Amino acid sequence: MNGTPGAVLLPLLALAAACQEGPVQCAMPMDVFAPPVALQVAVVDSATGQSLLPGARGRWIVGAETDSLRHWGSTLAALGPAGRYTVAVEAPGYRAWARSDIRVRAGECGPEMREVTARMQRE
């Protein structure tokens, strides 16, 4: 594994330097190896507005990529690229919720995060 840390760190340092030289300054994430949050989904009861976490779960799709939504604070999050998202959310005792064509734009230093709300209806 000789040379591996340098092979990973040098491109990251170059990226950080490039972002800081231009008019846009990029904040480096706490964990530089984690993908950026592209989409946050608040999951709430449609009648009360009460959060349905931690029981909620879901998936996202962008082109050929798909993954689970992650619990991220008080929301579910898609850690993925810029693109057109399709998102599906489930919560116990509620009808499934889905939305397509959620557009996440590419930014200077990663996707520009979008926020949506899944208003869940009881079964």
Side-chain angles (χ1 to χ4, degrees):
M1 291 189 86
N2 289 339
T4 302
V8 172
L9 290 177
L10 288 177
L12 289 174
L13 291 173
L15 175 63
C19 286
Q20 291 177 359
E21 287 177 4
V24 176
Q25 295 219 352
C26 301
M28 291 299 290
M30 299 273 276
D31 181 357
V32 295
F33 298 105
V37 175
L39 182 67
Q40 283 188 319
V41 183
V43 184
V44 300
D45 181 291
S46 64
T48 67
Q50 182 178 8
S51 175
L52 298 177
L53 291 180
R57 62 189 172 121
R59 295 200 62 78
W60 60 265
I61 301 170
V62 174
E65 293 186 54
T66 184
D67 199 358
S68 297
L69 292 168
R70 311 274 193 241
H71 285 264
W72 192 269
S74 61
T75 66
L76 295 177
L79 307 178
R84 291 183 181 202
Y85 278 72
T86 297
V87 177
V89 176
E90 297 176 349
Y94 290 82
R95 293 183 196 147
W97 177 93
R99 184 180 291 174
S100 297
D101 203 30
I102 302 169
R103 296 177 186 183
V104 175
R105 294 187 178 140
E108 291 288 325
C109 299
E112 294 179 0
M113 186 187 65
R114 286 281 311 268
E115 296 178 9
V116 297
T117 301
R119 298 184 193 286
M120 309 292 285
Q121 296 180 349
R122 289 195 179 272
E123 291 181 327

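Side-chain atoms are counted along with the backbone in the values below, which use heavy atoms only and exclude waters and symmetry mates. Here the structure is a predicted model, which is why all the values come from computation and not from measurement.
- The shortest non-hydrogen separation linking R122 to R95 is O-NE, 3.9 Å.
- Between V43 and Y94 the shortest side-chain heavy-atom distance does not fall below 4.5 Å.
- Side chain of H71 to backbone of A77: no donor-acceptor contact under 3.5 angstrom is found.
- Put simply, the side chain of P81 reaches to within 4.5 Å of the side chain of E65, judged on heavy atoms.
- Side-chain N or O atoms of T75 include none that pairs as donor or acceptor with a backbone N or O of Q40 at under 3.5 Å.
- Side-chain contact check for V116 versus R99: some heavy-atom pair is nearer than 4.5 Å.
- Taking both residues in full, the closest heavy atoms of V41 and A118 are given as CG1-CB, 3.9 Å, listed atom of the first, atom of the second, then distance.
- Here the OG1-CH2 distance, from T117 to W97, works out to 8.0 Å after rounding to the nearest 0.5 Å.
- For the pair P92 and G55, the tightest heavy-atom approach, listed with the atom from each and the gap, is CD-O, 3.4 Å.
- Contact between L76 and G58 at its shortest, heavy atoms only, is CD1-N, 4.3 Å.
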Run the numbers on Y85 and I61 for side-chain contact (heavy atoms from CB on, under 4.5 Å), then give the verdict. CA-CA 6 Å; Y85 278 72; I61 301 170; over 6 Å; no

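- L39 CG to L69 CG: the interatomic distance, rounded to the nearest 0.5 Å, is 7.5 Å.
- Closest heavy-atom contact between S51 and S74: OG-O, 4.5 Å.
- Residues I102 and V37 do not share a hydrophobic cluster, defined by chaining ILVMFWY side chains whose heavy atoms lie under 4.5 Å apart.
- With rounding to the nearest 0.5 angstrom, the CE atom of M120 is 9.0 Å from the OG atom of S46.
- No side-chain heavy atom of T86 sits less than 4.5 Å from a side-chain heavy atom of W60.
- Residues R119 and D45 are not paired through a salt bridge, judged by the lack of any N-O separation under 4.0 Å between the basic side chain and the carboxylate.
- Partners of R70 by salt bridge (charged side-chain N to carboxylate O under 4.0 Å, His left out), not counting sequence neighbours, listed by chain and number: D67.
- Taking CH2 of W72 as the reference point, atom CG of L79 lies at 5.5 Å (rounded to 0.5 Å).
- Using a 4.0 Å cut-off between charged nitrogen and carboxylate oxygen, E90 and R57 count as a salt-bridge pair.
- For the residue pair G73 and L53, the shortest heavy atom distance occurs at O-CD1, 4.2 Å.
- Using a distance-only test at 3.5 Å, with no hydrogens or angles considered, no donor-acceptor pair links the side chain of R59 to the main chain of V87.
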